[in-house]
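Here the structure comes first, spelled out in C-alpha coordinates, and everything after it is commentary.
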There are 2 protein chains.
Amino acid sequence: MPKIVDKEKMRNDILDAAMRVFVEKGYHATTVSNVAEAASLAKGTLYIYFKSKDAMTTAIVDRHLAGITEQIAAETLCQTLDAFLEDLQQTMDVPAEQAAFHRVFFEVFGPSFASDEFTDHVAQFFDKLGSYYAKQIAHLQKKGEIAEHHNAVSLGRVLASMLDGVVLHKGLFGISERRHRSMIKDAVTMFGKGLQSPTSSE
Amino acid sequence: MPKIVDKEKMRNDILDAAMRVFVEKGYHATTVSNVAEAASLAKGTLYIYFKSKDAMTTAIVDRHLAGITEQIAAETLCQTLDAFLEDLQQTMDVPAEQAAFHRVFFEVFGPSFASDEFTDHVAQFFDKLGSYYAKQIAHLQKKGEIAEHHNAVSLGRVLASMLDGVVLHKGLFGISERRHRSMIKDAVTMFGKGLQSPTSSE
DNA sequence: TGTTAATATGACCGATCGGTCATTAATCCA
DNA sequence: TGGATTAATGACCGATCGGTCATATTAACA
(Lines give C-alpha, C1' and ligand atoms only; values in the text may rest on other atoms or scores of the structure.)
Protein backbone atom coordinates (compact mmCIF):
# COMPACT_ATOMS: atom_id res chain seq x y z
CA MET A 1 0.00 0.00 0.00
CA PRO A 2 2.64 2.52 0.83
CA LYS A 3 4.98 4.43 -1.36
CA ILE A 4 8.44 2.92 -1.10
CA VAL A 5 11.89 4.37 -1.88
CA ASP A 6 15.37 2.99 -1.68
CA LYS A 7 16.47 4.83 1.41
CA GLU A 8 20.10 3.85 1.12
CA LYS A 9 20.32 5.14 -2.42
CA MET A 10 18.50 8.30 -1.40
CA ARG A 11 20.98 8.95 1.39
CA ASN A 12 23.86 8.42 -0.98
CA ASP A 13 22.38 10.72 -3.60
CA ILE A 14 21.91 13.42 -1.03
CA LEU A 15 25.50 13.05 0.15
CA ASP A 16 26.70 13.30 -3.45
CA ALA A 17 24.77 16.51 -3.92
CA ALA A 18 26.00 17.93 -0.64
CA MET A 19 29.58 17.13 -1.53
CA ARG A 20 29.23 18.95 -4.85
CA VAL A 21 27.90 22.08 -3.16
CA PHE A 22 30.43 21.95 -0.33
CA VAL A 23 33.28 21.80 -2.82
CA GLU A 24 31.84 24.70 -4.77
CA LYS A 25 30.80 27.04 -1.96
CA GLY A 26 32.54 25.73 1.12
CA TYR A 27 30.98 24.00 4.08
CA HIS A 28 30.05 26.94 6.28
CA ALA A 29 28.79 28.99 3.36
CA THR A 30 26.47 26.22 2.22
CA THR A 31 22.91 26.27 3.55
CA VAL A 32 20.69 23.25 3.88
CA SER A 33 18.49 24.81 1.21
CA ASN A 34 21.47 24.85 -1.15
CA VAL A 35 21.97 21.15 -0.63
CA ALA A 36 18.26 20.52 -1.13
CA GLU A 37 18.30 22.41 -4.39
CA ALA A 38 21.36 20.51 -5.60
CA ALA A 39 19.62 17.26 -4.73
CA SER A 40 16.38 18.41 -6.39
CA LEU A 41 14.49 18.00 -3.15
CA ALA A 42 12.74 20.24 -0.67
CA LYS A 43 14.56 21.18 2.49
CA GLY A 44 12.16 19.23 4.66
CA THR A 45 12.88 16.06 2.73
CA LEU A 46 16.53 16.15 3.71
CA TYR A 47 15.50 15.99 7.34
CA ILE A 48 13.75 12.68 6.68
CA TYR A 49 17.09 11.17 5.77
CA PHE A 50 19.44 13.09 8.07
CA LYS A 51 18.55 14.49 11.43
CA SER A 52 20.74 17.60 11.06
CA LYS A 53 23.29 19.35 8.89
CA ASP A 54 25.98 18.05 11.22
CA ALA A 55 24.82 14.47 10.75
CA MET A 56 24.95 14.93 7.00
CA THR A 57 28.47 16.29 7.17
CA THR A 58 29.69 13.53 9.43
CA ALA A 59 28.17 11.01 7.05
CA ILE A 60 30.04 12.50 4.10
CA VAL A 61 33.37 12.35 5.88
CA ASP A 62 32.68 8.85 7.16
CA ARG A 63 31.84 7.61 3.70
CA HIS A 64 34.94 9.25 2.25
CA LEU A 65 37.29 7.79 4.86
CA ALA A 66 35.63 4.38 4.71
CA GLY A 67 36.32 4.27 0.97
CA ILE A 68 40.01 4.93 1.46
CA THR A 69 40.22 2.54 4.39
CA GLU A 70 38.75 -0.20 2.24
CA GLN A 71 41.22 0.58 -0.51
CA ILE A 72 44.10 0.30 1.94
CA ALA A 73 42.87 -2.96 3.37
CA ALA A 74 42.72 -4.48 -0.11
CA GLU A 75 46.28 -3.43 -0.90
CA THR A 76 48.95 -6.13 -0.79
CA LEU A 77 52.43 -5.60 0.61
CA CYS A 78 54.95 -4.18 -1.83
CA GLN A 79 57.85 -6.48 -2.59
CA THR A 80 60.35 -3.84 -3.67
CA LEU A 81 61.18 -0.30 -2.64
CA ASP A 82 60.36 0.86 -6.14
CA ALA A 83 56.88 -0.62 -5.86
CA PHE A 84 56.39 1.17 -2.54
CA LEU A 85 57.57 4.44 -4.02
CA GLU A 86 55.15 3.95 -6.88
CA ASP A 87 52.44 3.48 -4.28
CA LEU A 88 53.37 6.73 -2.53
CA GLN A 89 53.50 8.56 -5.82
CA GLN A 90 50.00 7.44 -6.74
CA THR A 91 48.66 8.42 -3.35
CA MET A 92 49.79 11.97 -3.92
CA ASP A 93 48.76 12.09 -7.55
CA VAL A 94 45.06 12.54 -6.83
CA PRO A 95 42.64 13.95 -9.39
CA ALA A 96 41.88 17.65 -9.02
CA GLU A 97 38.34 17.00 -7.82
CA GLN A 98 39.54 14.91 -4.92
CA ALA A 99 42.09 17.53 -3.98
CA ALA A 100 39.28 20.08 -3.93
CA PHE A 101 37.39 17.93 -1.48
CA HIS A 102 40.46 17.86 0.70
CA ARG A 103 40.05 21.58 1.02
CA VAL A 104 36.51 21.21 2.31
CA PHE A 105 37.66 18.43 4.54
CA PHE A 106 39.99 20.67 6.46
CA GLU A 107 37.45 23.44 6.65
CA VAL A 108 35.01 21.03 8.23
CA PHE A 109 37.78 19.89 10.42
CA GLY A 110 38.31 23.25 12.05
CA PRO A 111 37.39 23.70 15.70
CA SER A 112 34.08 25.29 14.66
CA PHE A 113 32.62 22.02 13.58
CA ALA A 114 34.65 19.12 14.81
CA SER A 115 33.60 17.57 18.11
CA ASP A 116 36.09 15.57 20.11
CA GLU A 117 34.58 12.30 18.93
CA PHE A 118 34.75 13.41 15.33
CA THR A 119 38.35 14.48 15.77
CA ASP A 120 39.24 11.15 17.34
CA HIS A 121 37.56 9.35 14.52
CA VAL A 122 39.60 11.12 11.85
CA ALA A 123 42.76 10.92 13.93
CA GLN A 124 42.27 7.17 14.00
CA PHE A 125 41.98 7.14 10.26
CA PHE A 126 45.32 8.82 9.81
CA ASP A 127 46.85 6.50 12.38
CA LYS A 128 45.53 3.61 10.33
CA LEU A 129 47.07 5.11 7.22
CA GLY A 130 50.34 5.55 9.11
CA SER A 131 50.20 1.93 10.25
CA TYR A 132 49.70 0.83 6.70
CA TYR A 133 52.87 2.61 5.63
CA ALA A 134 54.66 1.28 8.69
CA LYS A 135 53.73 -2.25 7.72
CA GLN A 136 55.06 -1.71 4.23
CA ILE A 137 58.28 -0.24 5.58
CA ALA A 138 58.81 -3.04 8.10
CA HIS A 139 58.24 -5.62 5.40
CA LEU A 140 60.78 -4.00 3.11
CA GLN A 141 63.24 -3.71 5.96
CA LYS A 142 63.05 -7.46 6.42
CA LYS A 143 63.75 -7.88 2.73
CA GLY A 144 66.76 -5.58 2.99
CA GLU A 145 65.29 -2.95 0.70
CA ILE A 146 64.88 -0.28 3.34
CA ALA A 147 67.54 0.67 5.86
CA GLU A 148 67.08 -0.97 9.25
CA HIS A 149 67.77 2.16 11.26
CA HIS A 150 64.39 3.68 10.46
CA ASN A 151 61.61 3.44 13.01
CA ALA A 152 58.85 2.01 10.83
CA VAL A 153 55.99 3.16 13.05
CA SER A 154 56.78 6.82 13.39
CA LEU A 155 58.20 7.07 9.90
CA GLY A 156 54.95 5.63 8.58
CA ARG A 157 52.93 8.20 10.48
CA VAL A 158 55.02 11.14 9.39
CA LEU A 159 54.80 9.94 5.81
CA ALA A 160 51.01 10.10 6.11
CA SER A 161 51.24 13.70 7.34
CA MET A 162 53.61 14.71 4.59
CA LEU A 163 51.62 13.18 1.76
CA ASP A 164 48.52 14.81 3.17
CA GLY A 165 50.29 18.16 3.13
CA VAL A 166 51.20 17.75 -0.53
CA VAL A 167 47.66 16.85 -1.55
CA LEU A 168 46.16 19.58 0.60
CA HIS A 169 48.35 22.25 -0.93
CA LYS A 170 47.30 21.16 -4.38
CA GLY A 171 43.66 21.55 -3.42
CA LEU A 172 44.11 24.80 -1.55
CA PHE A 173 46.33 26.68 -3.94
CA GLY A 174 45.25 25.11 -7.20
CA ILE A 175 48.79 24.05 -8.03
CA SER A 176 48.85 23.09 -11.68
CA GLU A 177 48.92 19.47 -12.77
CA ARG A 178 52.34 19.94 -14.33
CA ARG A 179 53.90 21.57 -11.30
CA HIS A 180 52.27 19.12 -8.92
CA ARG A 181 53.66 16.18 -10.89
CA SER A 182 57.10 17.68 -10.79
CA MET A 183 56.84 18.19 -7.03
CA ILE A 184 55.70 14.63 -6.50
CA LYS A 185 58.51 13.27 -8.61
CA ASP A 186 61.11 15.12 -6.58
CA ALA A 187 59.59 14.04 -3.32
CA VAL A 188 59.49 10.42 -4.36
CA THR A 189 63.08 10.51 -5.58
CA MET A 190 64.15 11.92 -2.26
CA PHE A 191 62.08 9.35 -0.38
CA GLY A 192 63.75 6.61 -2.42
CA LYS A 193 67.29 7.68 -1.65
CA GLY A 194 66.38 8.40 1.93
CA LEU A 195 64.80 5.04 2.64
CA GLN A 196 67.14 2.87 0.62
CA SER A 197 69.25 0.38 2.48
CA PRO A 198 72.99 1.15 2.13
CA THR A 199 73.62 -2.47 1.13
CA SER A 200 70.99 -2.25 -1.58
CA SER A 201 71.96 -2.07 -5.22
CA GLU A 202 72.42 1.21 -7.19
CA MET B 1 41.66 68.49 23.71
CA PRO B 2 40.53 65.15 22.52
CA LYS B 3 41.07 61.77 23.98
CA ILE B 4 43.90 60.02 22.18
CA VAL B 5 44.75 56.31 21.88
CA ASP B 6 47.54 54.41 20.23
CA LYS B 7 45.57 53.05 17.30
CA GLU B 8 48.26 50.69 16.14
CA LYS B 9 48.60 49.12 19.55
CA MET B 10 44.82 48.89 19.81
CA ARG B 11 44.60 47.08 16.50
CA ASN B 12 47.29 44.67 17.60
CA ASP B 13 45.63 44.02 20.94
CA ILE B 14 42.35 43.28 19.22
CA LEU B 15 44.04 40.87 16.83
CA ASP B 16 45.69 39.12 19.77
CA ALA B 17 42.34 38.70 21.46
CA ALA B 18 40.69 37.50 18.26
CA MET B 19 43.43 34.96 17.72
CA ARG B 20 42.95 33.58 21.21
CA VAL B 21 39.22 33.14 20.69
CA PHE B 22 39.60 31.72 17.20
CA VAL B 23 42.01 29.09 18.48
CA GLU B 24 39.65 28.20 21.30
CA LYS B 25 36.31 28.18 19.49
CA GLY B 26 37.17 28.11 15.82
CA TYR B 27 36.75 30.88 13.33
CA HIS B 28 33.20 30.31 12.13
CA ALA B 29 31.93 29.60 15.62
CA THR B 30 33.35 32.84 16.97
CA THR B 31 31.07 35.88 16.98
CA VAL B 32 32.24 39.46 16.89
CA SER B 33 30.83 39.80 20.39
CA ASN B 34 33.09 36.98 21.55
CA VAL B 35 36.10 38.83 20.24
CA ALA B 36 34.91 42.05 21.86
CA GLU B 37 34.55 40.31 25.20
CA ALA B 38 38.01 38.77 24.91
CA ALA B 39 39.42 42.22 24.12
CA SER B 40 37.45 43.80 26.99
CA LEU B 41 35.72 46.13 24.56
CA ALA B 42 32.21 46.66 23.28
CA LYS B 43 31.29 45.26 19.92
CA GLY B 44 30.87 48.69 18.38
CA THR B 45 34.42 49.61 19.35
CA LEU B 46 35.84 46.84 17.20
CA TYR B 47 34.19 48.41 14.19
CA ILE B 48 36.16 51.59 14.81
CA TYR B 49 39.37 49.66 14.23
CA PHE B 50 38.24 47.12 11.64
CA LYS B 51 35.54 47.62 9.10
CA SER B 52 34.29 44.01 9.25
CA LYS B 53 34.92 40.58 10.68
CA ASP B 54 36.49 39.62 7.37
CA ALA B 55 38.92 42.53 7.55
CA MET B 56 39.89 41.47 11.05
CA THR B 57 40.54 37.92 9.92
CA THR B 58 42.57 38.97 6.93
CA ALA B 59 44.63 41.21 9.19
CA ILE B 60 45.38 38.31 11.52
CA VAL B 61 46.57 36.09 8.73
CA ASP B 62 48.56 38.90 7.15
CA ARG B 63 50.31 39.65 10.40
CA HIS B 64 51.07 35.98 10.97
CA LEU B 65 52.51 35.42 7.51
CA ALA B 66 54.44 38.69 7.58
CA GLY B 67 56.15 37.53 10.77
CA ILE B 68 57.30 34.30 9.20
CA THR B 69 58.32 36.05 5.98
CA GLU B 70 60.49 38.42 7.97
CA GLN B 71 62.04 35.51 9.81
CA ILE B 72 62.87 33.81 6.53
CA ALA B 73 64.37 36.95 5.04
CA ALA B 74 66.69 37.32 8.03
CA GLU B 75 67.90 33.74 7.74
CA THR B 76 71.34 33.21 6.25
CA LEU B 77 72.20 30.39 3.87
CA CYS B 78 73.17 27.12 5.53
CA GLN B 79 76.71 26.03 4.83
CA THR B 80 76.22 22.32 5.45
CA LEU B 81 73.50 19.78 4.85
CA ASP B 82 73.35 19.14 8.57
CA ALA B 83 72.68 22.80 9.23
CA PHE B 84 69.89 22.75 6.66
CA LEU B 85 68.38 19.65 8.20
CA GLU B 86 68.53 21.35 11.58
CA ASP B 87 66.64 24.24 10.01
CA LEU B 88 63.95 21.93 8.67
CA GLN B 89 63.68 20.19 11.99
CA GLN B 90 63.13 23.44 13.82
CA THR B 91 60.53 24.55 11.32
CA MET B 92 58.45 21.49 12.12
CA ASP B 93 59.09 21.59 15.83
CA VAL B 94 56.62 24.39 16.50
CA PRO B 95 55.17 25.04 19.95
CA ALA B 96 51.72 23.56 20.53
CA GLU B 97 50.05 26.95 20.50
CA GLN B 98 51.32 27.73 17.03
CA ALA B 99 50.19 24.34 15.78
CA ALA B 100 46.75 25.12 17.15
CA PHE B 101 46.68 28.31 15.14
CA HIS B 102 47.52 26.30 12.07
CA ARG B 103 44.24 24.54 12.60
CA VAL B 104 42.33 27.79 12.55
CA PHE B 105 44.35 28.90 9.61
CA PHE B 106 43.08 26.09 7.45
CA GLU B 107 39.55 26.54 8.63
CA VAL B 108 39.70 30.18 7.58
CA PHE B 109 41.25 29.02 4.40
CA GLY B 110 38.28 26.95 3.33
CA PRO B 111 36.21 28.06 0.36
CA SER B 112 33.63 29.59 2.73
CA PHE B 113 35.87 32.46 3.62
CA ALA B 114 38.78 32.74 1.27
CA SER B 115 38.35 35.06 -1.69
CA ASP B 116 40.49 34.60 -4.76
CA GLU B 117 42.74 37.49 -3.74
CA PHE B 118 43.18 36.06 -0.29
CA THR B 119 43.99 32.65 -1.71
CA ASP B 120 46.54 34.16 -4.07
CA HIS B 121 48.10 36.03 -1.20
CA VAL B 122 48.64 32.91 0.86
CA ALA B 123 49.66 30.88 -2.16
CA GLN B 124 52.37 33.46 -2.75
CA PHE B 125 53.54 33.05 0.80
CA PHE B 126 54.05 29.32 0.37
CA ASP B 127 55.77 29.91 -2.94
CA LYS B 128 58.09 32.27 -1.12
CA LEU B 129 58.74 29.63 1.50
CA GLY B 130 59.39 27.10 -1.27
CA SER B 131 61.80 29.52 -2.93
CA TYR B 132 63.64 29.92 0.32
CA TYR B 133 64.18 26.18 0.55
CA ALA B 134 65.09 26.08 -3.11
CA LYS B 135 67.76 28.69 -2.54
CA GLN B 136 69.20 26.70 0.34
CA ILE B 137 69.19 23.54 -1.75
CA ALA B 138 70.82 25.19 -4.75
CA HIS B 139 73.49 26.65 -2.52
CA LEU B 140 74.26 23.27 -0.98
CA GLN B 141 74.32 21.67 -4.41
CA LYS B 142 77.04 24.08 -5.44
CA LYS B 143 78.97 23.11 -2.34
CA GLY B 144 78.58 19.43 -3.20
CA GLU B 145 76.53 18.66 -0.11
CA ILE B 146 73.30 17.90 -1.92
CA ALA B 147 73.04 15.68 -4.98
CA GLU B 148 72.95 17.62 -8.27
CA HIS B 149 70.13 15.60 -9.78
CA HIS B 150 67.49 17.28 -7.61
CA ASN B 151 65.42 20.09 -9.08
CA ALA B 152 65.90 22.71 -6.38
CA VAL B 153 62.80 24.71 -7.26
CA SER B 154 60.17 22.02 -7.18
CA LEU B 155 61.88 20.12 -4.39
CA GLY B 156 61.82 23.31 -2.33
CA ARG B 157 58.12 23.76 -2.94
CA VAL B 158 57.21 20.20 -2.11
CA LEU B 159 59.27 20.44 1.06
CA ALA B 160 57.14 23.40 2.10
CA SER B 161 53.98 21.35 1.53
CA MET B 162 55.32 18.39 3.45
CA LEU B 163 56.49 20.36 6.46
CA ASP B 164 53.15 22.12 6.51
CA GLY B 165 51.39 18.78 6.54
CA VAL B 166 53.42 17.62 9.53
CA VAL B 167 52.71 20.77 11.52
CA LEU B 168 49.05 20.77 10.54
CA HIS B 169 48.55 17.21 11.69
CA LYS B 170 50.05 18.05 15.02
CA GLY B 171 47.59 20.89 15.45
CA LEU B 172 44.60 18.97 14.15
CA PHE B 173 45.03 15.70 15.95
CA GLY B 174 46.83 16.87 19.03
CA ILE B 175 49.74 14.55 18.41
CA SER B 176 51.78 14.41 21.58
CA GLU B 177 55.06 16.23 21.91
CA ARG B 178 56.93 12.96 22.27
CA ARG B 179 55.40 11.33 19.25
CA HIS B 180 55.72 14.47 17.18
CA ARG B 181 59.43 14.71 17.98
CA SER B 182 59.93 11.11 16.99
CA MET B 183 58.12 11.71 13.71
CA ILE B 184 60.18 14.78 12.96
CA LYS B 185 63.40 12.95 13.71
CA ASP B 186 62.54 10.18 11.28
CA ALA B 187 61.52 12.60 8.59
CA VAL B 188 64.71 14.59 8.94
CA THR B 189 66.87 11.48 8.87
CA MET B 190 65.15 10.40 5.69
CA PHE B 191 65.52 13.87 4.20
CA GLY B 192 69.22 13.78 5.01
CA LYS B 193 69.90 10.48 3.29
CA GLY B 194 67.62 11.43 0.44
CA LEU B 195 69.26 14.75 -0.30
CA GLN B 196 72.87 13.80 0.38
CA SER B 197 75.28 13.90 -2.49
CA PRO B 198 76.67 10.41 -3.28
CA THR B 199 80.21 11.84 -3.21
CA SER B 200 79.62 13.34 0.21
CA SER B 201 81.26 11.86 3.28
CA GLU B 202 79.53 9.40 5.68
C1' DT C 1 37.56 73.11 35.94
C1' DG C 2 34.89 73.48 31.83
C1' DT C 3 35.01 72.69 26.92
C1' DT C 4 35.47 69.93 23.10
C1' DA C 5 36.70 66.49 20.04
C1' DA C 6 37.95 61.75 20.00
C1' DT C 7 36.58 57.39 21.68
C1' DA C 8 33.58 53.88 23.60
C1' DT C 9 29.13 51.79 24.23
C1' DG C 10 25.33 48.34 23.68
C1' DA C 11 20.43 48.35 22.41
C1' DC C 12 18.75 47.67 18.17
C1' DC C 13 17.95 46.12 13.18
C1' DG C 14 17.56 43.48 8.98
C1' DA C 15 18.92 39.31 7.18
C1' DT C 16 19.70 34.62 7.32
C1' DC C 17 19.91 30.05 8.91
C1' DG C 18 18.80 25.44 10.78
C1' DG C 19 15.03 23.04 11.80
C1' DT C 20 9.65 21.95 12.21
C1' DC C 21 5.17 20.43 10.89
C1' DA C 22 0.55 20.74 8.96
C1' DT C 23 -0.60 19.72 4.49
C1' DT C 24 -0.25 17.63 -0.11
C1' DA C 25 1.39 14.15 -3.40
C1' DA C 26 2.63 9.68 -4.66
C1' DT C 27 2.37 4.77 -4.74
C1' DC C 28 1.15 0.14 -3.67
C1' DC C 29 -2.43 -3.37 -2.70
C1' DA C 30 -7.16 -5.10 -2.22
C1' DT D 1 -10.37 2.49 -8.25
C1' DG D 2 -10.24 3.78 -3.41
C1' DG D 3 -8.32 3.88 0.76
C1' DA D 4 -4.20 3.46 3.56
C1' DT D 5 0.44 4.58 4.41
C1' DT D 6 4.71 6.43 3.31
C1' DA D 7 7.18 10.26 1.26
C1' DA D 8 7.67 15.09 -0.09
C1' DT D 9 6.79 19.85 0.45
C1' DG D 10 7.74 24.75 1.68
C1' DA D 11 5.73 28.37 4.55
C1' DC D 12 6.91 29.36 8.91
C1' DC D 13 9.49 30.01 13.49
C1' DG D 14 12.87 31.08 16.98
C1' DA D 15 17.47 32.09 17.40
C1' DT D 16 21.55 34.25 16.12
C1' DC D 17 24.73 37.02 13.77
C1' DG D 18 27.19 40.94 11.60
C1' DG D 19 26.83 45.52 11.56
C1' DT D 20 24.86 50.47 12.86
C1' DC D 21 24.22 54.63 15.37
C1' DA D 22 22.36 57.75 18.85
C1' DT D 23 24.20 58.45 23.16
C1' DA D 24 27.50 58.45 26.98
C1' DT D 25 32.24 58.64 28.48
C1' DT D 26 36.90 59.97 28.46
C1' DA D 27 40.98 62.80 28.43
C1' DA D 28 43.74 66.66 26.71
C1' DC D 29 44.04 71.61 26.73
C1' DA D 30 42.75 76.52 27.92
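Letters A, B, ... are given to chains in the order of the sequence lines, protein chains preceding strands, and every chain is numbered from 1.
Remark: K53(A) is positioned above the aromatic ring of Y27(A), its terminal NZ or CZ atom under 6.0 angstrom from the ring centre and at most 45 degrees off the axis.
For the pair K3(B) NZ and dT26(D) P, the computed distance is 7 Å after rounding to whole Å. Between I48(A) atom CD1 and dA26(C) atom C1' there is a gap of 13 Å when expressed in whole angstrom units. Between the CG atom of L41(A) and the P atom of dA26(C) there is a distance of 14 Å, given to the nearest Å. Remark: C1' of dG18(D) and NE2 of H28(A) are 16 Å apart, rounded to the nearest angstrom. Here the P atom of nucleotide dT6(D) and the CG atom of D6(A) are 17 Å apart, to the nearest Å. In this structure, M10(A) places its CE atom 8 Å from C1' of dA7(D), rounding to the nearest Å. When the C1' atom of dC17(D) is taken as reference, atom CG of L46(B) falls 14 Å away, rounded to whole Å. Between D13(B) atom CG and dA8(C) atom C1' the separation is 15 Å, expressed in whole Å.
Salt bridge status for K43(A) with E37(A): absent, with no side-chain N to carboxylate O gap under 4.0 Å. Using a 4.0 Å cut-off between charged side-chain N and carboxylate O, D16(B) and R11(B) make no salt bridge.
Base engagement by T45(A) is indicated by at least one non-hydrogen atom pair under 4.0 Å involving a base atom. No engagement by K51(A) is indicated, since no non-hydrogen atom pair under 4.0 Å with the nucleic acid exists. If you check every strand for non-hydrogen atoms under 4.0 Å, I4(A) touches nothing. Nucleic acid contact for F50(B): none, since no nucleic acid atom lies under 4.0 Å from a heavy atom of the residue. In this structure, S52(B) reaches the sugar-phosphate backbone alone: every heavy-atom distance under 4.0 Å involves primed, P, OP1 or OP2 atoms, never a base.
One can find a donor-acceptor pair under 3.5 Å joining the base of dG19(C) and the side-chain atoms of K43(A).
Taking the nucleotide of DNA chain C with the nearest heavy atom to each of G44(B) and V5(B), the more 5' of the two is matched to V5(B).
Under 4.0 angstrom from either OP1 or OP2 of dG18(C) there lies at least one side-chain N or O belonging to K53(A). Within the structure, every side-chain polar atom (N or O) of Y47(B) is placed at least 4.0 Å from both OP1 and OP2 of dA8(C).
Ring geometry, F126(B) versus F105(B): the interplanar angle exceeds 60°, so the pair is classed perpendicular (tilted spans 30 to 60°). Aromatic ring pairs are classed by plane angle as parallel below 30°, tilted from 30° to 60° and perpendicular above 60°; the pair H64(A) and F101(A) is tilted.
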